[in-house]
*Asks:* 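Okay, handing you the structure first.
Throughout, protein chains are lettered first and strands after them, A, B, ... in sequence-line order, and every chain is numbered starting at 1.
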Number of protein chains: 2
Amino acid sequence: MSVKYAILGLLHYKDMHGYKIKKHIEQNFGHMWTINHGQIYPALKKMEDEGLVTVTRVDQEGRPSRKVYSISEKGMHTFRSWLESDPEKNMLLRDPFLTRFVFFGFGSKERALEIIGEQIKLYEKYLKKRQDNLVRWQRQDIYVRLIAELGVRLNEMFLSWLRYAYHEISKDMEKTRGEQGQQALGGLT
Amino acid sequence: MSVKYAILGLLHYKDMHGYKIKKHIEQNFGHMWTINHGQIYPALKKMEDEGLVTVTRVDQEGRPSRKVYSISEKGMHTFRSWLESDPEKNMLLRDPFLTRFVFFGFGSKERALEIIGEQIKLYEKYLKKRQDNLVRWQRQDIYVRLIAELGVRLNEMFLSWLRYAYHEISKDMEKTRGEQGQQALGGLT
DNA sequence: TCTACCATGTAATCTGTTACATGATTGC
DNA sequence: GCAATCATGTAACAGATTACATGGTAGA
């Protein structure tokens, strides 16, 4: 369970509660790691049972109370042996937008441009967020800073590709104006 | 099941057997989609039961025989309604290398550089493959060509980041020569 | 008034990974 | 001789998503 080790890693920096862990991952590592709250709460509970973390309930005024977790000695050892051992696993990646993109040739170009336009807006928003991160992480741990830089570069590259794609498809649409239906299908390898 | 729709999409181009589908995805879409054969064979079977595809057994000399799948009318309709409908799902992304990278500060810099060096070699290999794809897809369907371009750009960006990271960490190592242990931990948000 | 955000949790379901199972051929 | 590639499949397990469940506050 890589979620487990990732949480243990984050708890090295500071104590956190489940909701915060999720927000933190989205904010800082969204370009390399996605997560649901349905994974975090059961994971934290299990880690508590295993003695890897300890909990303190913190009540708040006007807000639901938090369960703040701290890493234990045992948790640190567990984390360290994970960090030092282990052959790398494969990357897991599923991007529904790109999966659809491949097959845009079987639908209308107008719809394709519409969907690409939405992605552009979305990634413009992400880019701002990641640029903020970069500033915040500038004087911190070198690895976290490098990860933030990757986030910005990745986002910039993806945005520039999206705009290029938009442009290329528009061009192609003008070229084939008057014609209709699908393009000729290429011969797949 | 996005695996299902992706297979239906591929079968629009040409008939394929399970093993080929896997190879094809790895070769052409590895930068946006990873897959195991343990997903493909059961999916194909299920799709056959649902009447989305038809099968033909093709015997070969000196090799195991293949089960070649073709998309049916029903399969095309199913695919088309998927393509046109549907709000986008979230991206699923898990990169074990980057997850480890974030926490390299808790291990040794030498080990970090070693692991980064391995990734550089790996992505140099991938880059070659993706550049080959780009040439092969140059005159094909615009969307597939654009996806191939994304693959190359993504790979180039990642490689340049890896080299930059390697350099930055080396620099940092020299700066702190003589000192030992970990860096100061930054205050997380 | 309605949406978004804060904050936790569980259960059912859906997906993905790994190991087991088999076995021939090609290239180093 | 050994590893990789071709080719299919299943079963057990691990991991991820969604919906259900609850409920207050802040801002548009």
*Asks:* Measure CD/Gln39(B) against C1'/dA12(D) and give the value in whole Å, please.
*Replies:*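 From Gln39(B) CD to dA12(D) C1': 15 Å.
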*Asks:* Can you check the Arg94(B) CZ to dG15(D) C1' distance for me, whole Å?
*Replies:*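 So the two atoms are 8 Å apart, to the nearest Å.
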*Asks:* For Ile35(A), which contact category applies under a 4.0 Å heavy-atom criterion: base, sugar-phosphate, or nothing?
*Replies:*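 Answer is nothing: Ile35(A) stays at 4.0 Å or more from every strand.
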*Asks:* Run the side-chain contact (heavy atoms from CB on, under 4.5 Å) check on Met91(B) and Leu98(A) step by step: do they pass?
*Replies:* CA-CA 10 Å; Met91(B) 185 162 85; Leu98(A) 292 177; over 6 Å; no
*Asks:* Base, sugar-phosphate alone, or nothing: which one does Gly38(B) contact when heavy atoms must sit under 4.0 Å apart?
*Replies:*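 If one applies the 4.0 Å heavy-atom cut-off, Gly38(B) turns out to touch a base.
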*Asks:* Examine dC6(C): is either OP1 or OP2 under 4.0 Å from a nitrogen or oxygen in the side chain of Lys23(A)? Give yes or no.
*Replies:*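 It does, given that an N or O in the side chain of Lys23(A) lies less than 4.0 Å from OP1 or OP2 of dC6(C).
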*Asks:* Closest nucleotide of DNA chain C for Glu61(B) versus for Leu92(B): which of these residues is on the 5' side?
*Replies:*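 Upstream on the strand: Leu92(B).
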*Asks:* Can you see whether Asn133(B) engages Arg136(B) through a side-chain donor-acceptor pair at a distance of less than 3.5 angstrom?
*Replies:*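 Yes.
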*Asks:* Between dT17(C), dC6(C), dA7(D), which nucleotide gets closest to the side-chain atoms of Arg63(A)?
*Replies:*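 Closest nucleotide among those given: dC6(C).
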*Asks:* When the distance from OH of Tyr19(A) to C1' of dG23(D) is rounded to whole Å, what number comes out?
*Replies:*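 After rounding, the gap between these two atoms is 14 Å.
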*Asks:* Does Asp132(B) come within less than 4.0 Å of Lys129(B), counting only side-chain N to carboxylate O?
*Replies:*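 Salt bridge flag = no for Lys129(B) with Asp132(B).
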*Asks:* Between atom NZ in Lys22(B) and atom P in dA4(D), what is the gap in whole Å?
*Replies:*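 From Lys22(B) NZ to dA4(D) P: 14 Å.
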*Asks:* Hey, are Lys121(B) and Glu124(B) close enough for a salt bridge, meaning a charged N less than 4.0 Å from a carboxylate O?
*Replies:*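 No, this pair does not count.
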*Asks:* To the side chain of His37(A), which of dA19(C), dT10(C), dG16(C) is closest?
*Replies:*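 Shortest atom-to-atom distance from the side chain points to dT10(C).
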*Asks:* If the cut-off is 4.0 Å, is Lys67(A) near the phosphate of dG9(C), judged by side-chain N/O to OP1 or OP2?
*Replies:*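 Yes.
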*Asks:* Which nucleotide, dG15(D), dA7(C), dG9(C), lies nearest any side-chain atom of His17(A)?
*Replies:*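 So the nucleotide nearest the side chain must be dA7(C).
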*Asks:* Please give, in whole Å, the distance from dC6(C) P to Glu26(A) CD?
*Replies:*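 Rounded to whole Å, this separation is 10 Å.
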*Asks:* With DNA chain C as reference, determine whether Gln60(A) or Lys45(A) sits nearer its 5' end, using the nearest nucleotide of each.
*Replies:*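 That would be Gln60(A).
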*Asks:* Please classify the nucleic acid contact of Thr34(A) as base, sugar-phosphate, or nothing, using heavy-atom distances under 4.0 Å.
*Replies:*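 The residue Thr34(A) makes no contact with any strand.
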*Asks:* Whole angstrom is fine here: how far is it from CH2 in Trp33(A) over to P in dT17(D)?
*Replies:*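 In whole Å, dT17(D) P and Trp33(A) CH2 are 12 Å from each other.
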*Asks:* If each of Leu44(B) and Met91(B) is mapped to the nucleotide of DNA chain D with the nearest heavy atom, which maps nearer the 5' terminus, i.e. the 5' end?
*Replies:*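 Nearest nucleotide further toward 5': that of Leu44(B).
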*Asks:* Rounded to whole Å, how long is the line connecting atom NZ of Lys46(A) with atom P of dA11(C)?
*Replies:*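 My rounded result for the distance is 16 Å.
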*Asks:* Please pick, from dA7(D), dA7(C), dG16(C), the nucleotide with the shortest atom-to-atom distance to any side-chain atom of Tyr41(A).
*Replies:*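 Minimum distance to the Tyr41(A) side chain belongs to dA7(C).
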*Asks:* Can you figure out which of dG16(C), dA7(D), dA7(C) approaches the side chain of Pro64(A) most closely?
*Replies:*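 Taking heavy atoms from C-beta onward, the closest nucleotide is dA7(C).
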*Asks:* Just how far, in rounded Å, is C1' of dT8(C) from OH of Tyr69(A)?
*Replies:*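 Atom-to-atom, Tyr69(A) to dT8(C), this comes out as 9 Å.
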*Asks:* Would you call the rings of Tyr13(A) and Phe103(B) parallel, tilted or perpendicular if under 30° counts as parallel and over 60° as perpendicular?
*Replies:*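 Tilted: the ring planes of Tyr13(A) and Phe103(B) meet at 30° to 60°.
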*Asks:* Of all the heavy-atom pairs spanning Ile147(A) and Phe29(A), show the shortest one and how long it is.
*Replies:*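 In terms of heavy atoms, the two residues are closest at CG2-CD2, 3.8 Å.
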